[in-house]
Amino acid sequence: MSLFDDGSKIFTKEKALNEDWIPDNLPERSEEIQKLEMAFRPVANGADAKSALLIGKAGQGKTATTNFVLNQVRKYFENEEDENFTKLRVSCSDATTSYQVVGELLTMVEDGTTVRPKGRSLGHLNKRLFNELDDLGGYAVIVLDEIDHLASDDDILYEIPRARQQGRLEDAHASIVGMTNDFEFREKLSAKVKDSLADTVLNFEPYDANDLRTILSQREEVAFVDDVLSEDVIPLCAARAAQDEGSARQAIKILYHAGELARSNGDTLVTEEHVREGIDRIEQEYVLNGLNGLTTQDQATLCALASLEKKGETPTRTKYVYSEYKKVAERIDINTLTSRSIRDKLQNLDTYSMAIASEKTGGSRGGPHYESELNVDLDALVTAFATIDRFQGVSQNLPIEDKQSTL
DNA sequence: TCTCCACAGGAAATTGGGGGTT
DNA sequence: AACCCCCAATTTCCTGTGGAGA
């Protein structure tokens, strides 16, 4: 038995459980696929494709739908000898301004020498980008993931779809497919962008448990050995994910982890027990990833909240979080920010789902205020904090005691 | 009822850093 | 070297809100 052949009888084609796997069909999203195809229909007549905006929470098939449709467009162009088809994908969580997005596009499109140009005006970069696209010719689709991160700086969302009309592109066509999980995103756009981008708007409703079961069964057929999943495994994965966010990605991940556990235990059947264990692992992993994605100041705020939670004082008002935060900041030796900043940090933690901030009104002095609490398991969080040097010693000894500074 | 507290959150300015072109 | 551009995080300043308490 070699390293890679463990003799397990669980998986046949494991990669069908990876995030980037594109199934042959998307049974629960045929409506959305049709709509998106409509947006690309003008391409066949040499006209601009309509730009599209895909709205839905994580794991609702936005990426899968896009890939699926774009693959078809690509195939179409493969039969049209003289036309190029280019797909450029940028994640706006990495490139959070128009300038950076254009820079990112340039690094993809110009010969490997350019790396995120800086020091030039946005206009200059736009010109370079349009020149490159013209050289490529044919059709360019620019896929912008997490497009809501651009929000206030949405210049390119206007420039690109209009480039052809404005004569900035002559030999090429270009359109945008934007994706966001922010349902209010459309309202945040400037008026001129709103109508050009909102040609086609697709709303992805969360999958329910039935949808998820269908999706999981589809993956099971490809990825697992026949009859290796005990009967309740798929329903359990589906139910769990449906109850949470209705995310197919999460459901598949749970299933995958369960399978891996069965394999590493040398079991021949994947059981409900494996699923439950898989869920725990994913939660721990989720907390750790979430924590690593935060800035140190965000982490300190979260740590303050954890301390209060340990004392059983949550949910709690922002001002108490702030005074706890000040203790944390002092312990780990970082700048102490103003309370205004901590208000923003708490909002951040809420949008990252690490904490929950709920609006309250009334209280001792009236007026609106927030009460915050953790949205992740305290023990998992403490474990995760232990991996960050700076928080060693602080997070292990929650709650933070008041300093006895009588030297 | 009226006032005022204590908070929320928008806007603008600041700080400090990264990096171009000529 | 001199001069330019971009950016994220934070602070400063400010306006708005609604019940508590007089």
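Both backbone and side-chain heavy atoms feed into the values below; hydrogens, waters and symmetry mates do not. We name chains A, B, ... by the order of the sequence lines, and we start the count at 1 in each one.
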For this session: Would you indicate whether A/Glu31, at its atom CD, is surrounded by more than 12 heavy atoms from other residues, nucleotides or ligands within a distance under 6.0 Å?
Result: no
Exercise. Considering only C/dT10, C/dC13, B/dA8, which nucleotide approaches the side chain of A/Thr318 most closely?
Worked result: B/dA8
Problem set entry | Protein-nucleotide distance (A/Lys360, atom NZ; C/dT17, atom P), rounded to Å | 21 Å
For this session: Using only side-chain N and O atoms of A/Ser341, determine if any of them is under 4.0 Å from OP1 or OP2 of C/dT11.
Result: yes
For this session: Check the distance between C/dC14's C1' and A/Arg340's CZ and give it to me in whole angstrom.
Result: 11 Å
Exercise. With a cut-off of under 6.0 Å to the ring centre and 45° to the axis, is A/Arg29 in cation-pi contact with A/Tyr207?
Worked result: yes
Exercise. So among A/Thr387, A/Ile388, A/Leu381, which one has a side-chain contact (heavy atoms from CB on, under 4.5 Å) with A/Leu288?
Worked result: A/Thr387
Problem set entry | Candidates C/dT10, B/dA8, C/dC7 - which lies nearest the side chain of A/Leu337 | C/dT10
For this session: Measure from the side chain of A/Tyr370, starting at C-beta and using heavy atoms only, and say which of C/dA9, B/dA6, B/dG9 lies closest.
Result: B/dG9
For this session: Can you figure out which of C/dA8, C/dT10, B/dC7 approaches the side chain of A/Lys319 most closely?
Result: B/dC7
For this session: Check whether any side-chain N or O of A/Thr338 sits under 4.0 Å from OP1 or OP2 of C/dT10, and answer yes or no.
Result: no
For this session: Report yes if a side-chain nitrogen or oxygen of A/Gln347 is closer than 4.0 Å to either non-bridging phosphate oxygen (OP1 or OP2) of B/dG9; otherwise report no.
Result: yes
Exercise. How many Å lie between OH on A/Tyr320 and P on B/dA6, as a whole number?
Worked result: 11 Å
Exercise. Are OP1 or OP2 of B/dA8 and a side-chain N or O of A/Arg343 less than 4.0 angstrom apart?
Worked result: yes
For this session: Tell me what A/Glu359 touches on the nucleic acid: a base, only sugar-phosphate, or nothing, going by heavy atoms under 4.0 Å.
Result: nothing
Problem set entry | Atom-pair distance (NE2 on A/His369; P on C/dT17), nearest Å | 18 Å
Exercise. Looking across every strand, which nucleic acid part, if any, lies under 4.0 Å from A/Ser339 by heavy atom: base, sugar-phosphate, or nothing?
Worked result: nothing
For this session: Please state how far atom CD in A/Glu371 lies from atom P in B/dC7, giving the value in whole angstrom units.
Result: 12 Å
Problem set entry | Ring geometry between A/Tyr139 and A/His173 (parallel below 30°, tilted from 30 to 60°, perpendicular above 60°) | parallel
Problem set entry | Residue A/Tyr99, side-chain atoms from C-beta onward, closest of C/dC7, B/dG9, C/dT17 | C/dC7
Exercise. Taking the side chain from A/Glu245 and the backbone from A/Gly59, do they hold a donor-acceptor pair closer than 3.5 Å?
Worked result: no
Exercise. How many Å lie between CZ on A/Arg128 and P on B/dT21, as a whole number?
Worked result: 7 Å
For this session: Look at the side-chain N and O atoms of A/Gln100 and state whether any lies under 4.0 Å from the OP1 or OP2 oxygen of C/dA8.
Result: yes
Problem set entry | Polar side-chain atom of A/Lys62 near backbone of A/Ile55 as donor-acceptor pair, under 3.5 Å | no
For this session: Take atom CD of A/Gln297 and atom C1' of C/dT10, then tell me their distance rounded to the nearest Å.
Result: 9 Å
Problem set entry | Between B/dC7 (C1') and A/Asp344 (CG): distance, integer Å | 14 Å
Exercise. Given C/dT10, B/dC7, C/dT17, which nucleotide is nearest the side-chain atoms of A/Pro368?
Worked result: C/dT17
